[in-house]
Chemist: 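This is the structure I want to talk about, given as structure tokens.
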Amino acid sequence: MVKTKAPNAHEHQFVSLGQLLQTIWGADDLEARVAIALEYIQDNYPYSLLWLGQYDRFKHQLVTKGLREDPKQGFARQQVTLYPGDLMEQVVVQQRPILVPDLKGEPRSGDWATIAKKHDLQAAAIFPIRRKTDCFGVLVLASNHWGLTPSTAEKSTLMTLTGALAEGFYQESLEQQRQRVKKPSKPLFSLLEKMEETSGLEARLQLVVDETHRFMGSAQASIYWFDGQTRCFQRRAMNQWKRQGSLSRAWKGTQTLLADDVKGFYQSLLSGEMVIVGEAESSLKAGVVGRLMSHIQAQSLLAAPIMLDGELLGFLSVEGAGARVWSKPEKNYLRGTARLLGLTLPGAEM
């Protein structure tokens, strides 16, 4: 009779990790996956504080997504700002784990230096939650003892675990993108119907900027008319939305815009091109962008020409108070609305 070999500790750990990964993947949502992972680490590793921060690339900070700690510690930090050269930014950018013997004495700890002193934390292991080239956050395992570090096997297990969590973050981001996708066709048809029911040029212009603001969200919407004799863009309409019983922030941009002051912008509109100034892209040269954004006092801009038979009548724009990435549906909506204006408004009284 052949005797079966009893599984050793390594084989048992491997089987346990496989079961854990199946549990994580089978969880209903990201919060449940994070909770399962942190509970496993808490039960199997001698760390007094486990913290998982989700990376917000727009604000360049980590936001608390999961936490396990000694109840006496009272960890209350919700956001951790990333500073150039600090440990957390290094993990996010380089996407490699870092072992720290003493957080309190590490000059690159950033916000975690304050956290470590308050909670008497010393040794820490910091892991990126990464999938391919994307970093979704950081996992911090901190101890009250100096120099505690995970073994090679433990480090491998933790990296496998953070990889599973990264897949969960990735799936959540895909779902959020699907939910955020704006389909411009339906709002454009709705706008056309409302314009047919609205009489008067000013009322129609106001309708357009209000509906444009509704589709774009937080951006300010404006319509400028172009006077060929003075070569000047004159603002004719802008949205004024009520917030908590008062009008939205007062518009600080210019009422008029001289074509000669922003020649690149004017030439783009004259050629029928959309002008884009966003966080990661710009259709204008840097010098033109600076002058243009100084005039309108905004950080991001999307402008589409209003044209009829090749003649520039003006432009429809949305301006953001902060840096912004303009999506393809947003660009399509603005371009379509500007064309709609060019076709429906020339017959009205200017």
Side-chain angles (χ1 to χ4, degrees), residues 30 34 37-38 40-42 44-170 173 279-280 322-323 325:
L30 183 60
V34 169
L38 292 183
Y40 172 85
I41 297 173
Q42 188 178 41
N44 292 275
Y45 293 83
Y47 291 97
S48 55
L49 186 144
L50 313 178
W51 182 81
L52 192 150
Q54 184 173 6
Y55 178 51
D56 184 337
R57 70 184 185 90
F58 295 106
K59 296 182 179 179
H60 199 48
Q61 67 181 14
L62 295 166
V63 181
T64 299
K65 191 72 175 180
L67 175 68
R68 290 290 188 278
E69 61 167 342
D70 184 330
K72 297 179 182 178
Q73 288 181 321
F75 189 97
R77 184 68 68 108
Q78 293 301 313
Q79 292 89 25
V80 173
T81 302
L82 302 183
Y83 300 100
D86 75 10
L87 292 177
M88 294 299 156
E89 189 192 56
Q90 186 177 336
V91 173
V92 169
V93 174
Q94 297 182 2
Q95 300 186 17
R96 292 198 299 267
I98 291 179
L99 304 180
V100 186
D102 185 6
L103 269 177
K104 289 188 292 186
E106 171 57 57
R108 297 174 299 155
S109 293
D111 282 357
W112 272 91
T114 304
I115 297 171
K117 290 176 182 178
K118 180 178 179 180
H119 300 287
D120 190 28
L121 302 174
Q122 295 190 48
I126 308 170
F127 292 85
I129 300 172
R130 62 182 292 264
R131 181 186 184 275
K132 296 183 178 179
T133 60
D134 295 323
C135 184
F136 293 97
V138 165
L139 173 65
V140 178
L141 314 179
S143 169
N144 298 125
H145 303 287
W146 186 90
L148 179 67
T149 58
S151 66
T152 301
E154 290 172 336
K155 186 177 177 182
S156 177
T157 298
L158 289 167
M159 292 177 69
T160 302
L161 194 57
T162 55
L165 289 176
E167 187 64 32
F169 276 97
Y170 174 68
S173 68
E279 183 184 34
V325 177

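These numbers were taken from a predicted model, which means no experiment stands behind them. When reading the values below, keep in mind they use all heavy atoms of this one structure, side chains included, and skip hydrogens, waters and symmetry mates.
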Chemist: Would you say Q90 and I98 make side-chain contact, with heavy atoms under 4.5 Å?
Modeler: yes

Chemist: Can you see which heavy atom on L99 is nearest to which on P150, and at what distance?
Modeler: CD2-CD, 3.9 Å

Chemist: Sequence neighbours left out, what passes side chain to side chain donor-acceptor pair (under 3.5 Å) with Y47? Give chain and number order.
Modeler: none

Chemist: How would you list, by chain and number, every residue that makes a side chain to side chain contact (heavy atoms under 4.5 Å, CB included) with K117, sequence neighbours excluded?
Modeler: K104

Chemist: Enter the distance from Q42:CD to S48:OG here, rounded to the nearest 0.5 Å.
Modeler: 10.5 Å

Chemist: Rounded to the nearest 0.5 Å, what's the gap from CZ on F136 to CG on L30? Could you check?
Modeler: 10.0 Å

Chemist: Quick one: salt bridge (Lys or Arg N to Asp or Glu O under 4.0 Å) partners of R108, sequence neighbours excluded?
Modeler: E106

Chemist: For a quick test of your reading: what N or O donor-acceptor pairs under 3.5 Å do the side chains of residues 127-134 make, sequence neighbours left out?
Modeler:
residue : atom : partner : partner atom : Å
R130    : NE   : Q95     : OE1          : 2.9
R130    : NH2  : K132    : O            : 2.7
R131    : NE   : E167    : OE1          : 2.9

Chemist: Which residues satisfy the side chain to side chain donor-acceptor pair (under 3.5 Å) test with H145, sequence neighbours excluded?
Modeler: none

Chemist: Minimum heavy-atom separation for L67 to E69, with atom names?
Modeler: CD2-OE2, 3.8 Å

Chemist: Is I126 close to M88 at the side-chain level, that is, under 4.5 Å between some pair of heavy atoms?
Modeler: yes

Chemist: Which distance, rounded to the nearest 0.5 Å, do you find between the OG1 of T157 and the CG of L161?
Modeler: 8.5 Å

Chemist: Could you go through K59 and Q79, starting from their C-alpha distance and side-chain angles, then the distance that decides it, and tell me whether this counts as side chain to side chain contact (heavy atoms under 4.5 Å, CB included)?
Modeler: CA-CA 10 Å; K59 296 182 179 179; Q79 292 89 25; over 6 Å; no

Chemist: With T152, which residues qualify under side chain to side chain contact (heavy atoms under 4.5 Å, CB included), at least two apart?
Modeler: none

Chemist: Looking only at heavy atoms, which two atoms of N144 and H119 are closest? And how far apart?
Modeler: ND2-O, 3.4 Å

Chemist: What's the verdict on side chain to side chain contact (heavy atoms under 4.5 Å, CB included) for L158 and Y45, showing C-alpha distance, side-chain angles and the deciding distance?
Modeler: CA-CA 10 Å; L158 289 167; Y45 293 83; 4.0 Å; yes

Chemist: At what distance, to the nearest 0.5 angstrom, does CG of L165 lie from OG1 of T160?
Modeler: 11.0 Å

Chemist: Kindly compute the distance separating OG (S109) from CG (L103), expressed to the nearest 0.5 Å.
Modeler: 4.5 Å

Chemist: Taking C-beta and beyond as the side chain, do W112 and D86 meet within less than 4.5 Å on heavy atoms?
Modeler: no

Chemist: In chain order, what residues pass the side chain to side chain donor-acceptor pair (under 3.5 Å) check against T114, with sequence neighbours excluded?
Modeler: none

Chemist: Can you confirm whether L82 sits close enough to V92 that some side-chain heavy atom of one is under 4.5 Å from a side-chain heavy atom of the other?
Modeler: yes

Chemist: Would you name the heavy atoms of G147 and A123 that are closest together and state the gap between them?
Modeler: N-CB, 3.5 Å

Chemist: Return the CG to CG distance between D56 and L62, rounded to the nearest 0.5 Å.
Modeler: 9.0 Å

Chemist: Hey, are the side chains of L50 and V140 touching, using non-hydrogen atoms and a 4.5 Å cut-off?
Modeler: no

Chemist: Checking D111 now: which residues fulfil side chain to side chain contact (heavy atoms under 4.5 Å, CB included) with it, not counting sequence neighbours?
Modeler: R77, V80, T81, Y83

Chemist: Please enumerate all residues that pass side chain to side chain donor-acceptor pair (under 3.5 Å) together with W51, with sequence neighbours excluded.
Modeler: T64

Chemist: For Q54, give me all partners under side chain to side chain contact (heavy atoms under 4.5 Å, CB included), at least two apart in sequence or on another chain.
Modeler: K65, F169, E172

Chemist: Test your reading of the model: is there a side-chain donor-acceptor pair from S156 to the backbone of A153, 3.5 Å cut-off?
Modeler: no

